[in-house]
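What's counted below: heavy atoms across the whole structure, side chains too, no hydrogens, waters or symmetry copies. Labels below follow one simple rule: chain letters A, B, ... track the order of the sequence lines, proteins then strands, and each chain is numbered from 1.
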Amino acid sequence: MLRTHTCGELRLGSVGQTVTLCGWVNTYRDFGGLVFIDLRDRYGLIQVVFNPSKAEMHEVARTLRNEDVIRVTGQVVARPADMQNAKLATGEIDVQAGELEVLNKSKTPPFFPTQTDLPNEELRLKYRFVDLRRPEVQQALILRHKMSKATRDYFDENNFLEIETPMLGRSTPEGARDYLVPSRVHEGCFYALPQSPQIYKQILMVAGYDRYFQLAKCFRDEDLRADRQPEFTQIDVEMAFVQQEDILSTIDGLMKRLVKDLRGAELQTPLPRLTHREVMERFGSDKPDLRFDLELKCLGDIAAACDFGVFKSTIESGGRVRGIRVPQAAEKYSRKVIDELTEFVKQYGAKGLAFFRVKDGELDSPIAKFFNADHQKAIITRMAAQPGDLIFCVADTFKVSCAALSALRNRLARELNLFDPQELKIAWVCDFPMFQWNDEEKRWDAEHHPFCQPVDEDIPLLDTDPGQVRAQSYDLVCNGYEAASGSVRIHDSAVQQKIFNLLGITNEEAELRFGFLLEALRYGAPPHAGVALGLDRWVMMFLASDNIRDVIAFPKTQKASDMLTGAPAPVDLRQLRDLHIKVDVPK
RNA sequence: GGGGUCGUAGAUCAAUUGGUUAGAUCGCCAGCUUGUCACGCUGGAGGCUGCGGGUUCGAGUCCCGUCGAUCUCGCCA
């Protein structure tokens, strides 16, 4: 070891000891005589004092610059009372340097880990090794480690086995776009990196490994978002001989453990369970942010009766008119700002945004004249509005009204600081619809995936009204993010057949695409169910961050490039020849 | 594939309506400085205003294209 201690661990009790420390020069202060260095490693900061009495060492100390890597041997000394630094954990002591070795001079970096104004992301990612020295980033990676550790401990204590599944697998055409890996040995054939270990974990259930988990790397070649990276980590779980409730309570226990270990707090369990129908009605989203109210209220009956053509015709054509009440916001939102909000909801397909300022018992709005006194009072009562409130309404199809109002709800809450960013508000959303109508292809699509078991009492509806069939699937939502998703799997081949038929997948196609899973299910498959949690997102939420790049050591940019290594990059022709690949890049 | 924001010194930002020599702070370099801890003081260097076109007497500023970053719609069973 080149050092006897780390920079964060020394205290008054160490006074008199001779220590050797290694680290980076965080800051230097040169007084011509005395030179002070704050020495940094990942454990903390400590001040080192260089005295001119050791002339040779002192000369070298004067040449030190930020981010140089040094090794110092010296004595721990107490600081006089008036020279202590309360901001430093080690602020009651100094290290009086006796020897100094410069292990490595640093080029002047483009930015410093200590600087308060962060440079743009491109630069931070290009020089990620500098960015990673920042305490905030360190804290994120430490928290991530602790979450992985607590997760492994929890599942281990509950008799789960962590089993690794392949990275090189078979492409299945459903779902997200695959990352492909060409085979050298099999000309013209490709592996796919896993979008999730879904099929492997079901096969593990058939094989009798009835409690499985894995911190699994997953890959999806889709466009990125603030909460989406092309490679990410799932806490993947599957259990046999269980029902939906067993999965939920197992994950309740995990969440309780994580909140305890990482926050030192008690999480109330069981976590609330809401139905998909309920959250769509109340929040317009299947991943509602439950930290604030601003709930949607249906105004359909009033809309049908009023004289406002847009509202009336929406109801007549089977659409919905819903509103949200923003307490005491009538003055805060000018006409100009409301125009911006109107543009905002148009992104989600809404054709407009109606608004009312609530006065004493009446409404003030450009469209108020279309609502008689009774209608106005009815709206005020329905919205439970107070004078000074602002009401926004969207009239459109159910889908569009959900998308527009839920986005508006989140935006208003953020602008008006209606929630504590540190809070974690976690709940289950259950009973998702089994299918979604695909209007382009004129067929049903699986909402979750094709192996998901319908709610038992809805099975007859498969023949009569597939849109009404609920799935035994569940999402864990937290602060407006989908934080986990899972389902009970089908283990009955007749039901599976029916689902495939509805999805427009013929028996031949099913065998071709999923034959290996279907075959496995024929060899004694136990009833099983599972779930997968987004580890990166959970770290993000525990940190109250809104960006997934904050919790990944080497994240990719929005165009999925790695600014540090320059990946992806062209390869040698010879490599391509080995793989039997010719590239054809459109001009 | 679509929409929004951004790109000026190493970093963060400014630059009136299109108008003279593109500024500030931090950092960097040199000197001074023995108790600082965001040390201080003095001096200095540093700019293809992302890139390419266009309009104009004149472009950091306006227009078109392009590259990159970011947010977002679509996409993510």
Return the nucleotide paired to B:C26: Watson-Crick means purine N1 to pyrimidine N3 with N6-O4 or O6-N4, wobble means G-U with N1-O2 and O6-N3, both under 3.5 Å. B:G10
Heavy atoms only, 4.0 Å cut-off, all strands: where does A:Asp221 land among base, sugar-phosphate and nothing? nothing
If you measure only the distance, is there a donor-acceptor pair under 3.5 Å linking the side chains of A:Gln198 and A:Tyr200? no
What's A:Gln558 touching, base or sugar-phosphate or nothing? Going by heavy atoms closer than 4.0 Å. base
Across the strands shown, which category fits A:Asp82 at heavy-atom distances under 4.0 angstrom: base, sugar-phosphate, nothing? nothing
Just checking, is any N or O donor in the side chain of A:Gln229 or A:Arg220 under 3.5 Å from an acceptor N or O on the other one? no
Base, sugar-phosphate, or nothing for A:Asn547, non-hydrogen atoms under 4.0 angstrom? sugar-phosphate
Once you apply the 3.5 Å cut-off to both distances, tell me the Watson-Crick or G-U wobble partner of B:U5, or none. B:A69
For A:Glu343, answer base if it contacts any base atom (sugar-phosphate contacts may also be present), sugar-phosphate if it contacts only those atoms, and nothing otherwise; contact means non-hydrogen atoms under 4.0 Å. nothing
Would you mind classifying the nucleic acid contact of A:Phe31 as base, sugar-phosphate or nothing, using non-hydrogen atoms under 4.0 angstrom? base
For the residue pair A:Arg79 and A:Ile93, what are the closest heavy atoms and their distance? NE-O, 3.2 Å
State, without any angle test, whether A:Thr557 and A:Glu121 hold a side-chain donor-acceptor pair at a distance under 3.5 Å. no
Taking the C1' atom of each, how far is B:U21 from B:G47, in whole Å? 13 Å
Could you tell me the separation between the CG atom of A:Asp38 and the P atom of B:A38, rounded to a whole number of Å? 8 Å
Scan A:Arg513 against the nucleic acid and name what it touches under 4.0 Å (heavy atoms): base, sugar-phosphate only, or nothing. nothing
